[in-house]
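Inspection log for the structure reproduced underneath, given as structure tokens.
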There are 2 protein chains.
Amino acid sequence: MPTRSDVERLLRGAALRVTRPRVAVLTAVHEHPHADTDSILGAVRADVGEVSHQAVYDVLRALTAAGLVRRIEPAGSVARYESRVADNHHHVVCRSCGAIADVDCAVGYTPCLTASHDHGYAIDEAEVTYWGLCPACSIAPSS
Amino acid sequence: MPTRSDVERLLRGAALRVTRPRVAVLTAVHEHPHADTDSILGAVRADVGEVSHQAVYDVLRALTAAGLVRRIEPAGSVARYESRVADNHHHVVCRSCGAIADVDCAVGYTPCLTASHDHGYAIDEAEVTYWGLCPACSIAPSS
DNA sequence: GCCGCTGTCTTGAATCAGTCAAGATTACGT
DNA sequence: ACGTAATCTTGACTGATTCAAGACAGCGGC
């Protein structure tokens, strides 16, 4: 988990001003992987007091654009954020409770990046989402 | 493209009542692959006259539950529907204009289905989304 | 250490896809 | 043709996200 100064360094490195909300949001994303905006807002407020809802949206967008966090949007879920960037990893999503876990792809660094027929598209990323049941929901499918 | 009676057969085969809106929606999904709900509503109204927005949502849900259509939700897009079901295929999405094309996966019928470490999840599907630029947007990136 | 510029945050309203609910209709088995 | 349960219509509502305008505050330069 990065320290306050690590976080500041990350922000400055991305040419972003160091502000209370930004430090808090980036820290929250590191501490709560795959959290949605609302959870992050809660964590931020617990950390630094009142922060507007809009600020969190703005900060998350800025961090995403700067490549400091990654936004993921599994079907049927609101946007979630994670701090693991720049490594090719994917996600398993529980169909029942929505829990998300990281998965390193089995078939190499850029799995399936060559589609069989690309229709002339210039493909730059292959995103894989695994669907199934998490351990808890496997035991009690309809809690 | 299925005929009216093909569509009726599909509906009956799924134990769904044959109604005007259902026939029209299922036909529209076949005719407009990857269309969003609103486009489908437009196509349906052009076909059979006034149909409520709610009916289209209901029908799409029923068809999806019955496995007659598949719902896809690329990040940053509204829900879209397609009639290709039961074959393992994936999608390329244009980052610029949102256009979607089908892609048969290069590495076999169920690509990457074995994640390197599944965290105890019971995985039943691997969904792959390729991101890039469609031919038109490759030429004029910021139209 | 102070100033100003510009980027960031606050406040408050708006949008948009999708859902909920209640009652009217209608397909379909008998 | 009839009755019933599924389906459709109407209309209100939710919840995530965005837009807009003005107040505020980092940070580079003096």
Side-chain angles (χ1 to χ4, degrees), chain A residues 4-5 7-28 34-45 47-66 68-69 71-81 98, chain B residues 4-5 7-29 34-42 44-45 47-66 68-69 71-81 98:
Chain A
R4 155 99 199 196
S5 56
V7 168
E8 290 193 10
R9 207 169 304 125
L10 284 168
L11 289 170
R12 290 185 206 283
L16 292 172
R17 287 189 185 168
V18 177
T19 66
R20 256 173 182 298
R22 286 186 172 175
V23 172
V25 168
L26 188 46
T27 302
H34 313 134
D36 58 35
T37 309
D38 206 56
S39 306
I40 293 169
L41 178 58
V44 167
R45 286 186 172 158
D47 182 13
V48 300
E50 188 59 22
V51 171
S52 76
H53 159 96
Q54 183 63 339
V56 172
Y57 275 99
D58 285 349
V59 170
L60 285 170
R61 182 172 327 169
L63 296 179
T64 303
L68 294 183
V69 305
R71 175 187 178 119
I72 58 178
E73 298 176 53
S77 165
V78 298
R80 289 157 180 280
Y81 295 86
Chain B
R4 156 98 199 198
S5 57
V7 168
E8 290 193 11
R9 206 169 305 124
L10 284 168
L11 288 170
R12 289 186 207 284
L16 292 171
R17 287 190 185 170
V18 177
T19 67
R20 253 173 184 300
R22 285 185 173 175
V23 172
V25 167
L26 188 46
T27 302
V29 173
H34 313 134
D36 58 35
T37 309
D38 206 56
S39 306
I40 292 169
L41 178 56
V44 166
R45 286 184 173 160
D47 182 12
V48 301
E50 189 57 23
V51 171
S52 75
H53 136 109
Q54 183 64 277
V56 172
Y57 275 100
D58 285 349
V59 170
L60 285 171
R61 182 172 328 170
L63 296 178
T64 304
L68 294 183
V69 304
R71 175 187 179 121
I72 58 178
E73 298 177 52
S77 166
V78 297
R80 290 157 180 279
Y81 295 86

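The chains referred to below are lettered A, B, ... by the order of the sequence lines, with proteins before strands, and numbering in each begins at 1. We use all heavy atoms of the structure for the numbers below, so side chains are in, but hydrogens, waters and symmetry mates are not.
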Query raised in the report: With a 4.5 Å heavy-atom cut-off, do Tyr81(B) and Thr37(B) have their side chains touching?
Result: yes

Query raised in the report: How long is the line joining CG of Asp38(B) and C1' of dA17(C), in whole Å?
Result: 9 Å

Query raised in the report: Once you round it to whole Å, what is the distance between P of dA6(D) and CG of Leu11(B)?
Result: 17 Å

**Report entry** side-chain hydrogen bond (donor to acceptor under 3.5 Å, both in side chains) against Ser39(B), all qualifying residues, sequence neighbours excluded
**Finding:** Asp36(B)

Report task. In whole angstrom, give the distance that lies between atom CZ of Arg71(A) and atom C1' of dT18(D). Result -> 11 Å

Requested in this report: Report the residue from Ile40(A), Leu26(A), Leu68(A) that forms a side-chain contact (heavy atoms from CB on, under 4.5 Å) with Leu60(A).
Outcome: Ile40(A)

Query raised in the report: What pairs with Arg9(A) under side chain to side chain contact (heavy atoms under 4.5 Å, CB included), at least two apart in sequence or on another chain?
Result: Ser5(A), Asp6(A)

Report task. Would you indicate, yes or no, if dG18(C) has its OP1 or OP2 atom less than 4.0 angstrom from a side-chain nitrogen or oxygen of Arg61(B)? Result -> no

Requested in this report: Would you confirm whether Glu73(B), through its side chain, and Pro74(A), through its main-chain N or O, come within 3.5 Å as a donor-acceptor pair?
Outcome: no

Could you pull out the protein-nucleic contacts involving nucleotides 8-12 of chain D (nitrogen or oxygen on both sides, under 3.5 Å)?
from   : atom 1 : to       : atom 2 : distance (Å)
dC8(D) : OP1    : Thr19(B) : OG1    : 2.6
dT9(D) : OP2    : Ser52(B) : N      : 3.0
dT9(D) : OP2    : Ser52(B) : OG     : 2.7

Can you pull every protein N or O that's under 3.5 Å from an N or O on nucleotides 3-6 of chain C?
from   : atom 1 : to       : atom 2 : distance (Å)
dT6(C) : O2     : Arg17(A) : NH2    : 3.1

Query raised in the report: Between Thr37(A) and dA16(D), is there a side-chain N or O to OP1/OP2 distance below 4.0 Å?
Result: no

Query raised in the report: Between dG15(D) atom P and Leu41(A) atom CG, what is the distance in whole Å?
Result: 15 Å

Requested in this report: Let me know the distance between CG of Leu16(A) and C1' of dA25(D), rounded to the nearest Å.
Outcome: 16 Å

Query raised in the report: Measuring from Leu16(A):CG to Glu8(A):CD, what's the distance to the nearest 0.5 Å?
Result: 12.5 Å

Query - Presence of salt bridge, Arg45(B) and Glu50(B), under 4.0 angstrom - result: yes

**Report entry** Flag side-chain contact, heavy atom, 4.5 Å: Arg17(B) against Arg22(B)
**Finding:** yes

Report task. Look at all strands and tell whether Ala79(B) reaches a base, only sugar-phosphate, or nothing, counting heavy atoms closer than 4.0 Å. Result -> sugar-phosphate

Query raised in the report: Given atom OH of Tyr81(A) and atom P of dA16(D), what is their separation to the nearest angstrom?
Result: 13 Å

Query raised in the report: Taking CD from Glu73(A) and P from dA16(D), how many angstroms apart are they, rounded to a whole number?
Result: 14 Å

Query - Side chains of Leu63(B) and Leu11(B) in contact at under 4.5 Å (non-hydrogen atoms) - result: yes

Requested in this report: With sequence neighbours left out, write down each residue that passes side chain to side chain contact (heavy atoms under 4.5 Å, CB included) with Thr27(B), or none if nothing qualifies.
Outcome: Val7(B), Val23(B), Glu31(B)

Query raised in the report: Roughly how many Å is it from CZ in Arg80(A) to P in dT17(D), rounded to a whole number?
Result: 10 Å

Requested in this report: Using Watson-Crick or G-U wobble pairs with both distances under 3.5 Å, give me DNA chain C in dot-bracket, 5' to 3', with [ ] for crossers and | for pairs to another strand.
Outcome: ||||||||||||||||||||||||||||||

Report summary line: Interatomic distance, NE2@His53(A) vs OH@Tyr57(A), rounded to 0.5 Å, equals 5.0 Å

